[in-house]
Amino acid sequence: MRAILVRRFGQPASVESIDEPACPSDGVVVQVEATGVCRSDWHAWSGHDPAVTVPFVPGHELVGTVVQAGPYVRRWSPGSRVTVPFACACGTCAACASGQHQVCPYQRQPGFTDDGSFAELVALHHADTNLVALPPELASTSAAALGCRVATAFRALHTHGRVRPYEEVVVIGAGGVGLAAVMIAQAAGAHVVVVDPSAAAREVAAALGADVLEPAGSPEDTAAAATVATSGGAHVSLDALGSPQTAATSVLSLRRRGRHVQAGLLLAENSWTSLPMARVISWELELYGTHGMSTRDYPALLAAVSQGKFDPSRLVTRTVPLDGAPDALVAVGTDLHDPGITVVIP
């Protein structure tokens, strides 16, 4: 089969012919219809994630059709159209028993611990625990983002942020997670302010209905502008990019007893990051990390999409064939990246 193969971290990937994946006994092989290009893929390609070893096939935001199921799979068969959370849980540990699949200590991740979906076929483990059925009317390009960016934003805002009508939400970063957060927060009845250095990204966020701000230099200055734009600070802030500066800006943008959610990855030299903890203590702020979403939360997400509360297709700004994936992978970590979500059609 054809796939994108990364042989050296930070070096251009190539389209190669490799062996088709073996079907796990408790898993499936999926023919990939579409797969998103995510900043997390760029982190893996850059060598920032210690779980990733070369050579590997990137890609974790996918939608496709089951073409083979292992002998221990009970719920899925060839022909099932599915997506999957990027954190594929084991289904048997204490975390999984409590329904918190997204923090399973034994999780497998396509594109990180296992070969991913920048390919014609991808193998997925623990299928009965992790696969999510998709409605036939949901387009592949829309469904591709549900495995990571839309699901991450949905859980960040509803589970951790507990966003309510008429609340103020500040989103730092107008990439895929940030733009998904704009739509999800607005669907909940909140007012959204987006901060991003890119004029093109701010334009997309504004088209989705957000008020937009350009960073004002320091985290303190940017947070001060966001505080004015939210009439006293955010009830919920989301760092959808992931850097020491954006994390600090997000926390400082909160009003008293506000909730900060960290979705953007802080890896490599940024794994240990300073935050304004004096503010956290004196204002009784809440800080949360968020890591994808468990399959048990997908029905609410899919219902919101089916009911027209928000439309993931508005996030997709570009599609490319498999041959275009290496350049798209590099671009997603730079200012050359188009706003919104790029989707690969193998």
Side-chain angles (χ1 to χ4, degrees), residues 39 43 149 152-153 156-157 160-161 163 167-186 190-290 332-340:
R39 188 173 172 85
H43 279 297
R149 281 172 281 191
T152 294
L157 290 174
H160 299 309
V163 63
E167 286 193 327
E168 299 284 344
V169 175
V170 169
V171 176
I172 313 295
V177 172
L179 293 174
V182 170
M183 295 196 300
I184 292 165
Q186 288 179 329
H191 170 242
V192 186
V193 173
V194 170
V195 180
D196 197 286
S198 165
R202 294 196 302 272
E203 183 177 346
V204 175
L208 292 174
D211 290 335
V212 296
L213 295 173
E214 184 178 1
S218 68
E220 292 84 357
D221 290 342
T222 302
T227 298
V228 171
T230 54
S231 303
H235 298 88
V236 182
S237 65
L238 173 68
D239 178 8
L241 176 63
S243 75
Q245 294 75 27
T246 54
T249 299
S250 181
V251 173
L252 290 170
S253 297
L254 290 169
R255 63 181 63 200
R256 296 171 189 272
R257 295 189 59 81
R259 288 95 66 190
H260 159 76
V261 187
Q262 187 66 42
L265 295 178
L266 290 159
L267 299 173
E269 68 275 9
N270 294 325
S271 294
W272 292 75
T273 298
S274 297
L275 290 175
M277 295 306 294
R279 174 76 65 88
V280 172
I281 294 167
S282 62
W283 287 20
E284 292 193 352
L285 304 179
E286 300 177 38
L287 308 183
Y288 294 95
T290 194
V332 77
T334 72
D335 292 337
L336 300 176
H337 179 57
D338 291 335

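In this text, all values refer to a predicted model and were calculated from it rather than measured experimentally. Just the heavy atoms: all of them, side chains too, but no hydrogens, waters or symmetry mates, feed the values below.
Proximity of Met183 to Leu208: side-chain heavy atoms (C-beta onward) are separated by under 4.5 Å at one or more points. Proximity of Thr222 to Leu213: side-chain heavy atoms (C-beta onward) are nowhere separated by under 4.5 Å.
Residue Asp221 comes nearest to Ala216 through the heavy atom pair CB-O, 3.5 Å, listed as atom of the first residue, atom of the second, then distance. Considering all non-hydrogen atoms of both residues, Ser253 and Ala226 come closest at OG-CB, 3.7 Å. Closest of all the heavy-atom pairs between Pro244 and Thr273 is CA-CG2, 3.5 Å. Heavy atoms only, all atoms of each residue included: Val182 and Ala210 are closest at CG1-CB, 3.9 Å. Of all the heavy atoms in Pro215 and Val195, the pair that sits closest is CG-CG1, 3.9 Å. The two residues Gly178 and Val171 have their closest heavy-atom pair at CA-CG1, 3.6 Å.
In this structure, the side chain of Thr227 does not engage the main chain of Gly232 through any donor-acceptor pair within 3.5 Å. Under the 3.5 Å distance criterion, the side-chain polar atoms of Asp196 are left unmatched by any main-chain donor or acceptor of Ala201. Checked by atom type and distance alone, the side chain of Arg255 pairs as donor or acceptor with a backbone atom of Thr230 at under 3.5 Å.
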Under 3.5 Å donor-acceptor pairs involving side-chain atoms of residues 274-284, not counting sequence neighbours:
| from | atom 1 | to | atom 2 | distance (Å) |
| --- | --- | --- | --- | --- |
| Ser282 | OG | Ala278 | O | 3.0 |
| Glu284 | OE1 | Arg257 | NH1 | 2.3 |

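Every residue two or more places apart in sequence or in another chain that forms a ring-ring contact (aromatic ring centres under 6.0 Å, His included) with His160 is listed here: Tyr288.
Expressed to the nearest 0.5 Å, how far CG of Leu265 lies from NE2 of His43 amounts to 5.0 Å. For the atom pair His260 NE2 and Leu285 CG, the distance stands at 10.0 Å (nearest 0.5 Å). The structure places OG1 of Thr246 at 6.5 Å from CG of Leu266, a figure rounded to the nearest 0.5 Å. To the nearest 0.5 Å, atoms CD1 (Ile172) and CG (Leu241) are separated by 9.5 Å. From Leu157, atom CG reaches atom CZ of Arg259 across 10.0 Å, with rounding to the nearest 0.5 Å. Atom OG1 of residue Thr249 and atom CG of residue Leu254 lie 11.0 Å apart, to the nearest 0.5 angstrom.
Judged by distance alone, the side chains of Glu168 and His235 never bring a donor and an acceptor atom under 3.5 Å apart.
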Next item on the list: Begin from the C-alpha positions of Glu220 and Leu252 and carry the test side-chain contact (heavy atoms from CB on, under 4.5 Å) through to its verdict.
Entry: CA-CA 7 Å; Glu220 292 84 357; Leu252 290 170; 4.1 Å; yes

